[in-house]
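Okay, so here's the structure we're looking at.
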Amino acid sequence: MKRVVLLGPPGAGKGTQATRIAEKYNILHISTGDIFRANVKEGTPLGKKAKEYMDQGLLVPDELVCDLVEDRVSKEDCANGYLLDGFPRTVFQAEHFDAFLERTGAQLDKTVDIEVAEDILLPRMIGRRVCRQCGRPYHVLTMPPKVEGVCDVCGGEVYQRADDREETVLNRFRVYQEQTSPLIEYYQKSGRLAVIDGSKTPGEVFDDICALLGE
Ligand code: AMP
């Protein structure tokens, strides 16, 4: 059983690491970004609201996020644990989630902060692609699909998300600095933070995270 939170600026490789960690530890990978994108795709009321914020690189309001995640981690497929990727994003969300954990008698094992400098991240992000169907992440330079534009796993279309375009990316960095980076201190204070150097290769970062999480 493991409950893990992945933190880090946009483009730090959270999605890539989360997929691999979830596979290795047999825990559920929960990406709030993926949940919102699925809702946008299906045109649900939540998706319609979330899209207004996402397309500008802004955070979806806290009240649309907290219950969603708390319901999700309460499902049976999370019985062996979960890895949260992209949540919490604000101190409010972190406090709300801590209150939920306390109510349910659960604890986070670790909050892993993948740290990378912004000037390394910008080119990484602009090259980012993702499968429209299964959400598998790719990169035009470092991890392209075998056939351009086609997902290796499910054959879905590999595309660039609107929020990975340059102007949106710059906005997301600003939002991260202002709203999400205070979380690092929040988790540090309660002794749950581990910092990982995200400027290494994806394989090295993965090994460092596994060394931290143990067997
Ligand atoms: P991500 O794929 O995690 O980068 O998320 C993409 C977008 O979804 C973000 O830029 C936000 O607009 C929204 N989003 C994802 N997770 C959250 C969250 N925990 N709180 C608020 N907005 C979020």
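As the structure is a computational prediction, the values presented were derived from the model and not from experiment. Order of appearance sets the numbers: ligands from 1, and atoms from 1 within every ligand.
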Could you tell me whether the side chains of His29 and Glu23 share a donor-acceptor contact shorter than 3.5 Å? no
Side-chain H-bond candidate by donor/acceptor type, Asp98 with Tyr186, under 3.5 Å: yes
Looking at Asp208 and Lys200, is there a salt bridge between them, counting it only when a charged N and a carboxylate O are closer than 4.0 Å? yes
Tell me whether Arg128 is salt-bridged to Asp164, with the criterion being a basic N under 4.0 Å from an acidic carboxylate O. yes
Would Arg129 pass as a cation-pi partner of Tyr138, given that its NZ or CZ must be under 6.0 Å from the six-membered ring centre and within 45 degrees of the axis? no
List, one per line, each side-chain donor-acceptor pair under 3.5 Å for residues 36-44, sequence neighbours excluded.
from: Arg37; atom 1: NH2; to: Asp34; atom 2: OD1; distance (Å): 2.8
from: Asn39; atom 1: OD1; to: Thr44; atom 2: OG1; distance (Å): 2.7
from: Asn39; atom 1: ND2; to: Ile35; atom 2: O; distance (Å): 2.8
from: Lys41; atom 1: NZ; to: Arg132; atom 2: O; distance (Å): 3.3
from: Thr44; atom 1: OG1; to: Asn39; atom 2: O; distance (Å): 3.4
from: Thr44; atom 1: OG1; to: Gly47; atom 2: N; distance (Å): 3.0

Which atom pairs, nitrogen or oxygen on both sides, join ligand 1 and the protein at under 3.5 angstrom?
from: ligand 1; atom 1: 2 (O); to: Arg37; atom 2: NH1; distance (Å): 3.0
from: ligand 1; atom 1: 2 (O); to: Arg37; atom 2: NH2; distance (Å): 3.0
from: ligand 1; atom 1: 2 (O); to: Arg161; atom 2: NH2; distance (Å): 3.4
from: ligand 1; atom 1: 3 (O); to: Arg89; atom 2: NH1; distance (Å): 3.1
from: ligand 1; atom 1: 3 (O); to: Arg89; atom 2: NH2; distance (Å): 3.4
from: ligand 1; atom 1: 4 (O); to: Arg89; atom 2: NH2; distance (Å): 3.2
from: ligand 1; atom 1: 4 (O); to: Arg172; atom 2: NH2; distance (Å): 2.7
from: ligand 1; atom 1: 5 (O); to: Arg89; atom 2: NH2; distance (Å): 3.4
from: ligand 1; atom 1: 12 (O); to: Leu58; atom 2: O; distance (Å): 2.6
from: ligand 1; atom 1: 16 (N); to: Thr32; atom 2: OG1; distance (Å): 2.7
from: ligand 1; atom 1: 16 (N); to: Gly86; atom 2: O; distance (Å): 3.3
from: ligand 1; atom 1: 16 (N); to: Arg89; atom 2: NH1; distance (Å): 3.4
from: ligand 1; atom 1: 19 (N); to: Gly86; atom 2: O; distance (Å): 2.9
from: ligand 1; atom 1: 19 (N); to: Gln93; atom 2: OE1; distance (Å): 3.0
from: ligand 1; atom 1: 20 (N); to: Gln93; atom 2: NE2; distance (Å): 2.9
from: ligand 1; atom 1: 22 (N); to: Val60; atom 2: N; distance (Å): 3.0

